[in-house]
Visitor: 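Structure provided below as structure tokens; questions to follow.
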Amino acid sequence: MKNKSLVLVCLLLMVSMPVLAQDAGMPKFPEAKIMIVVPEFHKGTFALLERDYLSQATWIIEGYSAGLPSVETQLIKQFVDANYKVVDQNQYASQRYTPEMEQVLKDPTGPAARSLTANVGADVLIVGKATSEIAGTVNNTTSVRTILTLRAVTTKGDALIIGATDATGSGADISGDAASLIASRKAADIAAKYLVPKVGNTLGGPTTNEALTAMANASSGKTRIAVMPFEDKSQWAMADWNLGMQIPDLIANELMKISSYEIVDRANLGQVINQQGLQQSGLFDSEGKAEELGTLAKADYGVFGRITEFTTKTRGGLLGVRGLGVGLGSEQAIVNILIKIVDLKTGVVLSTCEARADATEAVLGGGYVGMVFGGASFDKSAAGRATRKAIAASAKAVMAALPAKCPQCGAKVTGDDKFCGECGAGLEAVALTCAKCKASLKAGAKFCGKCGQKVQQ
């Protein structure tokens, strides 16, 4: 019996020794050290190039040139913010664009990678490649897209891949090199959100950092709606108006009047759109970017729109030439807007609708040149009256599409509720939806005014 027990103990030791050896060879947080190497290449000409690097660069990709490692720098910042020890990138700067580094990229657990990490005492290697190129130029604004591929591996004992990710970042600016920097940093932040937890689980260290936590908790806790810039397909030319920006402004103002939801300040949305490398002309079909847009805008729901018609027709004595006219007549205006409401947390399209309105007004001279969009004179015109009708219809459609939740805390509410059962917030302005016909319901309604369906408690 004793011999059998001794044999069993020996077998257990033989099985566990490699594991113990590997665990002993892999320092845990906070002693563990991370090495991050991400060669970066730019297609085209950017001012981010550093001549000292170019003189040493022997690893050349056709059509691309070596640039400053902005992705690498941003990743280092994220891990340092999470209190990890990270190898100073100056220790391997001269090796970043070499054939040896190309071998490390191809085989991050191979001899070249082991030699590289052994020289600096790294326990985890995060290595990859970033490539950037111009996506387009509109109105003197250059959009750049960065594609990033990364792998994280342990370097002690049996080298193992502990994480692999791809990330894409977009940036826009009047300067191409600034746009490239924005895109690279964005891609790095997305990758860090995945890699920090992976490395933390392996080393027993933090699985997040203050910057990412602040981003996740930036919302005030109140349901927030972002009314994005609209695409303008109307070809309106009777006055110098930016309909793609001004109509969403009016919708945002209308939503603030009829709802208790928090409306994202539209002055900040331009920067959000630029960070994604998007233009107004492509926003309506950009729900694939919904989650990123929601994170940057700190919003729960997004309102996207396309202005398909904004026209005026005159009859009678008014002679109009690009907004100028004299005489008495009548004018008919037609405004048509396509609206899409998107859940920015999931990317799901909640509803699409068409807000169409027309109005007819007597006119006497003048025209629209010099008229302030949204002002008193505008509201009295045919175009203004039609616009206001379309705005009201658009805002009503947005409210009808939103889930029946308390705008203060997000708890579920019903049409009979006058106050939220969770936080006590008043629900007078909450737009509920009929379960049968999806018509908008007022808080406190017992039956749907459109189809007669009883409101379920």
Side-chain angles (χ1 to χ4, degrees), residues 222-232 234 241-269 280 283-284 287 290 293-294 297 299-310 333-344 349-359 373-375 378-379 381 383-408 413 415 425-434 437-445 448-450:
K222 193 173 183 180
T223 302
R224 290 164 58 88
I225 304 173
V227 184
M228 301 295 179
F230 284 8
E231 296 180 16
D232 182 10
S234 67
W241 295 339
N242 185 346
L243 299 178
M245 296 298 291
Q246 291 168 317
I247 285 182
D249 284 341
L250 295 182
I251 292 177
N253 290 338
E254 185 68 14
L255 286 171
M256 284 189 281
K257 294 177 183 177
I258 67 173
S259 80
S260 54
Y261 290 101
E262 186 172 326
I263 308 301
V264 175
D265 184 1
R266 286 187 32 79
N268 297 326
L269 287 178
Q280 284 180 233
L283 274 179
F284 190 79
E287 60 263 24
L293 285 170
D300 303 289
Y301 302 101
V303 179
F304 299 81
R306 176 180 289 152
I307 305 164
T308 58
E309 186 174 0
F310 195 98
I334 299 175
V335 176
N336 197 71
I337 307 172
L338 299 181
I339 297 290
K340 180 187 294 183
I341 300 94
V342 180
D343 186 331
L344 296 179
V349 177
L350 300 179
S351 178
T352 58
C353 67
E354 183 177 23
R356 184 177 180 85
D358 65 88
F373 188 90
F378 172 80
D379 287 343
S381 68
R385 289 186 58 203
T387 299
R388 290 295 182 181
K389 290 180 181 179
I391 295 303
S394 299
K396 184 178 180 180
V398 171
M399 296 306 299
L402 296 180
K405 294 181 180 180
C406 170
Q408 183 66 40
V413 296
L427 303 175
E428 291 82 0
V430 177
L432 307 179
T433 304
C434 173
C437 70
K438 306 301 181 182
S440 178
L441 301 174
K442 292 182 179 180
C448 173
K450 185 175 181 179

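Any value given below was found using the heavy atoms of this structure, including those in side chains, with hydrogens, waters and symmetry copies removed. Please read these numbers as outputs of a predicted model, since none were measured by experiment.
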Visitor: Output, in order, the C-alpha distance, side-chain angles, deciding distance and verdict of side chain to side chain contact (heavy atoms under 4.5 Å, CB included) for Arg356 and Ile334.
Guide: CA-CA 7 Å; Arg356 184 177 180 85; Ile334 299 175; 3.6 Å; yes
Visitor: Taking Arg388 first and then Glu254, would you say they form a salt bridge - that is, a charged N and a carboxylate O separated by under 4.0 Å?
Guide: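 No, Arg388 and Glu254 are not salt-bridged.
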Visitor: Closest heavy-atom contact between Ile341 and Ala397?
Guide: CD1-O, 4.2 Å
Visitor: What heavy-atom pair brings Ala393 and Ala355 nearest, and what distance separates the two atoms?
Guide: CB-CB, 4.0 Å
Visitor: Please find the pair of heavy atoms, one from Val303 and one from Phe230, that lie closest to each other, and give the distance.
Guide: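 What the structure gives for the nearest pair is O-CE1, 4.0 Å.
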Visitor: Would you sort out whether Asp300 and Asp343 count as a side chain to side chain contact (heavy atoms under 4.5 Å, CB included), showing the intermediate values?
Guide: CA-CA 6 Å; Asp300 303 289; Asp343 186 331; 5.9 Å; no
Visitor: Taking Lys340 for its side chain and Ser351 for its backbone only, find out whether a donor-acceptor pair lies under 3.5 Å.
Guide: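 A pair under 3.5 Å: no.
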Visitor: Look up atom CZ in Phe304 and atom OG1 in Thr352, then write down how far apart they are to the nearest 0.5 Å.
Guide: 13.5 Å
Visitor: Write down the atom of Leu243, the atom of Ile307, and the distance for their closest heavy-atom approach.
Guide: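 Result for this residue pair: O-CD1, 3.5 Å.
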Visitor: Between Ile339 and Arg306, is any pair of side-chain heavy atoms under 4.5 Å apart?
Guide: no
Visitor: For the CG atom of Leu255 and the CG atom of Leu250, what is their distance to the nearest 0.5 Å?
Guide: 11.0 Å
Visitor: To the nearest 0.5 Å, how far apart are CD in Glu309 and CG in Asp358?
Guide: 9.5 Å
Visitor: Indicate yes or no for a side-chain donor-acceptor contact from Asn336 to the backbone of Thr308 under 3.5 Å, with no hydrogens or angles considered.
Guide: no
Visitor: Roughly how far apart are Met256 CE and Ile225 CD1, rounded to 0.5 Å?
Guide: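 So the CE of Met256 and the CD1 of Ile225 are separated by 11.0 Å.
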Visitor: Side chains of Leu402 and Tyr301: does their closest heavy-atom pair fall under 4.5 Å?
Guide: yes
Visitor: Could you give the distance from NZ (Lys389) to OG (Ser394), rounded to the nearest 0.5 Å?
Guide: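 Here the interatomic distance stands at 14.0 Å.
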Visitor: Stepwise, does the side chain to side chain contact (heavy atoms under 4.5 Å, CB included) test hold for Val342 with Leu350?
Guide: CA-CA 5 Å; Val342 180; Leu350 300 179; over 6 Å; no
Visitor: Can you say whether the rings of Phe373 and Phe310 are parallel (under 30°), tilted (30 to 60°) or perpendicular (over 60°)?
Guide: tilted
Visitor: Quick one: closest heavy-atom pair of Asp232 and Gly244, and the distance?
Guide: CB-N, 4.3 Å
Visitor: Determine the minimum heavy-atom distance between Ile337 and Ala390, stating which atoms define it.
Guide: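 Looking at all heavy atoms of both residues, the shortest contact is CD1-CB, 4.0 Å.
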